[in-house]
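In what follows, every chain begins at residue 1, and chains take the letters A, B, ... in the order their sequences are listed.
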Amino acid sequence: MQPSIRDTFFEECEELLEAMVEGLGIIDEGSYDSETVNAVFRAVHSIKGGAGAFGLTDLVSFAHTFETVFDEVRSERLAVTPELVAVLFRAGDQLATLVEAARDETEVEAGPRDSVVKELKRYLDEPAEPEGGAAGGNGTEPPGGFQPMTLDFSALALPAAEPVAPMRSFEIRFQPDRAMMANGHEPMLLLRALSELGTLEVSAQSDELPAFDELDPDECYLKWSMQLETDSDRAAVEKIFEFVEGLCTLEITEAEGAAPPAEAPAMAPPPVAASPAAPAGAPAPAPAESAPAAPPPPPRSRVGDDEAKGGKGSSGGANARATLRVELDRVDRLINTVGELIINQAMLSQRIAELELPKGADVEVELEDYKLLAREIQEGVMAIRAQPVKPLFQRMARIVREACAATGKSARLVTVGEHTEVDKTVIERLSDPLTHMIRNSIDHGLEKPDKRREVGKEEEGEVRLSASQRSGSIFIEITDDGAGLNRPKILEIATSKGLVPPNAELSDSEIDNLIFMPGFSTATEVSNLSGRGVGMDVVRTAIQALGGRVSIASETGKGTTLTIILPLTLAVMDGMVISVQGQTMVVPIASVLETIRPTDKDIHKVGSGEMVLSIRGSYVPIIDVASSLGMHGQSNPITKSVLILVETEQRGQCAMALDAIHDQRQVVIKSLDRSFGDIPGISAATILGDGKIALILDPDGVVQIGGSRADAGAPILQAMEFFDE
Amino acid sequence: MSEDVTKSLSGRDLKFVTFTVAGQNYCLDIQKIREIRRWTPVTPLPHASNGVLGVMNLRGAVIPIYDMASRLGLGITDPSERNVVIVVAMDDNLFGLLAETVQEILSVTEDQLLPTPDVKSESTREAIQGVISLADDMTRILDLRFVTGSFSRAVA
């Protein structure tokens with residue numbers, strides 16, 4: 001198999017799994033209809049079909065069991081109970097695990113899988129209503145006294161695999177179209193393939209054959225009707241006609257009453273009334289009620305199949321949005337080029353400004369349009385990469401279930417704002433830190449059910465995952481309603497591990513932030529879930545690598561909120577162009593609260609050399625950017641500088657002192673990571689209109705270094721070293 | 001010696017670009033050199049160690065510029081218009097190296113490469129892969145990894 005086709009299959013699997021989880025979620029809420037159930041069924045079914053084509057027997061057999069249970073639900077033979085939903089969720093998780101394993105070509109632990117299979121089969125053992133075993137009625141119904149099936153792993157790579165294959169009889173009517181002949185198909189080969197499935201009786205109908213002189217040599221005048229006795233199922237029969245699908249008139253009907261299975265066909269395919277168009281790899285499900293010998297239904301099943309493949313099988317489907325699969329590389333190339341376009345536009349503006357044309361010159365008007373267009377293109381391109389966080393959040397539901405199972409706690413995940421769109425790269429790289437944070441919330445945050453009851457909370461804890469976009473940033477919050485952080489314990493651990501000096505006086509928020517320090521772990525015993533002592537530190541590093549930050553707020557007895565703040569895009573941002581000791585730099589607009597030109601009386605000295613700014617009745621520290629960045633030139637006196645008021649995570653509001661503010665414009669972010677590592681106070685670089693590089697300041701970093709003289713926290717001490725260099 | 005050095009030494013005919021750093025004669029395999037530019041002022045980086053002059057815009061890419069003299073412990077170059085920046089590629093990353101002047105392209109065969117004399121200073125032995133003797137002088141083959149390698153440690 002070509003790896004690329006395989007890749008496509010797994011990509012589709014991901015979409016299908018998403019559709020499945022979404023559907024299960026709706027079923028769990030209880031507000032489902034038959035379309036929802038169908039959507040889940042189709043998703044599982046499509047995975048099975050695809051897996052069959054790739055010979056992934058493990059996946060096929062599991063999906064098959066899963067699907068069969070779902071078929072029972074679909075045909076309303078099995079009532080939806082909370083227990084069933086829980087099993088279905090577990091089965092969904094297991095299916096995802098199997099898909100992953102198949103993709104990575106690793107082995108799956110047999111234990112959990114088998115137990116899920118067992119649970120699923122339990123539902124197959126109990127028919128909701130006695131069906132009387134009248135196989136003749138339907139021929140595909142698992143009757144009452146049916147034995148648990150054993151799955152045939154080596155069998156056909158296609159759906160149903162029966163332990164004891166009953167003989168079945170199919171009536172097949174086959175008439176090739178002209179197009180089939182034109183495509184070079186040979187009916188004889190098809191017939192021969194059919195005959196290999198079992199006993200085949202063929203009769204050709206030649207009554208349409210014209211007289212010889214009227215004969216069109218390109219036309220097929222013959223029809224065949226066939227009687228096939230076989231132990232294979234319908235899918236196998238359909239598969240033979242796979243390649244002539246749409247090029248012929250084909251009717252396959254399973255003869256009624258023929259060879260009724262005495263021993264029940266464990267896993268007969270859903271009673272599909274074949275649509276000639278149904279792709280054999282994924283026979284389309286049809287209403288379970290349809291009689292076995294019904295004429296081919298309208299090819300609505302086909303639509304359903306496509307819909308499921310598109311991952312939009314949530315409900316309805318007629319309104320599924322058309323999407324285009326594009327290689328990420330191409331989009332990235334486009335984004336880079338747009339970045340260059342923005343730089344080019346800035347350069348052009350500068351050149352034209354240098355010409356000192358009279359005010360209102362035509363070229364300036366056009367230039368303004370050019371600017372707008374460039375911005376629009378850039379936003380459009382960014383939108384291509386933007387994706388809703390929904391799939392990411394859905395995956396977290398699984399993490400919650402697993403974490404609950406492992407800790408014996410009970411929690412539900414509430415998601416808010418799942419349509420918030422974030423850059424694809426960000427979503428991908430958020431998955432690991434988010435997983436860790438959710439596990440932490442459950443493992444450390446939530447109390448055990450009995451403890452919760454004691455303090456008068458619902459036994460089931462709540463983990464709320466919310467996403468929103470505020471002022472150019474994406475906020476992702478993970479809130480639990482647990483016990484909150486145990487501050488004395490955190491401080492004790494941090495002290496015992498030497499992370500803070502003994503007797504250190506730390507504020508509540510400083511203590512909370514200790515959990516992000518390297519080597520910190522509060523779990524007294526190392527659990528499976530968290531507590532390896534790398535947790536939150538790694539989370540913070542991962543978020544910082546995305547240009548974001550993470551903070552924590554906690555209220556004893558009420559719960560803890562972890563907030564991730566991420567930039568909207570990774571490539572372009574609005575910046576304020578400033579200068580510090582003759583060097584041009586950029587401050588992200590998102591972090592600027594206001595700009596201030598201070599007067600003497602606004603500025604006060606505190607202690608030795610530190611200054612504060614009096615603003616509307618409160619005092620904020622003034623940080624000199626030049627000295628914070630270790631520039632050795634002569635700074636303007638503070639009263640001559642311009643102050644930018646910024647909001648920082650660590651120290652709240654601070655005023656950054658710099659020499660001048662020049663402009664406000666869009667800048668293209670050029671990462672420095674690759675060859676520079678982490679530079680304190682600097683987040684990235686950009687290229688200005690004159691072709692020079694300007695560094696982009698990280699206000700948090702600047703403030704942190706600038707404040708190092710007063711504080712004594714460990715991360716700040718590290719920064720001190722650079723400062724002294 | 002690193003792997004790609006051995007590879008470059010295994011070729012038959014080799015070409016080196018020679019240049020001077022603080023009056024001393026150095027050279028680099030021509031294959032590693034992307035281009036040579038006249039010095040233009042760079043954007044300094046805060047908290048950078050002495051050998052790091054700053055960053056430069058090379059057709060949209062941000063590349064770091066090193067002062068070779070400082071990296072080799074030969075004092076600090078006061079860069080001027082007469083100096084050159086040699087842009088080199090290493091592991092898909094581009095770097096600029098400030099040199100005094102660029103001299104010539106040297107064609108040698110493999111057997112003309114001599115091992116680094118067993119000098120006492122360990123950093124000198126690390127910085128120089130070998131030497132080539134010239135008519136009345138010798139040129140030192142620079143190890144790029146030494147000049148650029150410790151950058152991240154110096155900054156982060």
Exercise for review: Using a cut-off of 6.0 Å, state whether more than 12 heavy atoms not belonging to B:D78 lie near its atom CG.
Suggested key: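 No, the 6.0 Å shell around CG holds no more than 12 heavy atoms from other groups.
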**Study point:** B:E81 atom CD: more than 12 heavy-atom contacts under 6.0 Å
**Key:**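 Not more than 12 within 6.0 Å, no.
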Point to revise | Partners meeting side chain to side chain contact (heavy atoms under 4.5 Å, CB included) with A:D329 (sequence neighbours left out) | key: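 Per chain and number, A:D329 pairs via side chain to side chain contact (heavy atoms under 4.5 Å, CB included) with A:E327, A:R333.
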Check your understanding: Of all residues at least two apart in sequence or in a different chain, which pass the side chain to side chain contact (heavy atoms under 4.5 Å, CB included) check with B:S133?
Key ->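 Here the qualifying residues are B:L114.
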Review point. Under a 4.5 Å cut-off applied to non-hydrogen side-chain atoms, are B:T43 and A:L695 in contact?
Key: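 Yes, side chains in contact.
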Exercise for review: List the steps and the verdict of side chain to side chain contact (heavy atoms under 4.5 Å, CB included) for A:I705 and B:H47.
Suggested key: CA-CA 11 Å; A:I705 309 167; B:H47 313 297; 3.8 Å; yes
Exercise for review: Apply side chain to side chain contact (heavy atoms under 4.5 Å, CB included) to B:N57 and A:K692, showing your working.
Suggested key: CA-CA 6 Å; B:N57 170 18; A:K692 287 260 170 60; over 6 Å; no
**Study point:** Under 4.5 Å from a heavy atom of chain B, the part of A:I687 involved
**Key:**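 The side chain, not the backbone.
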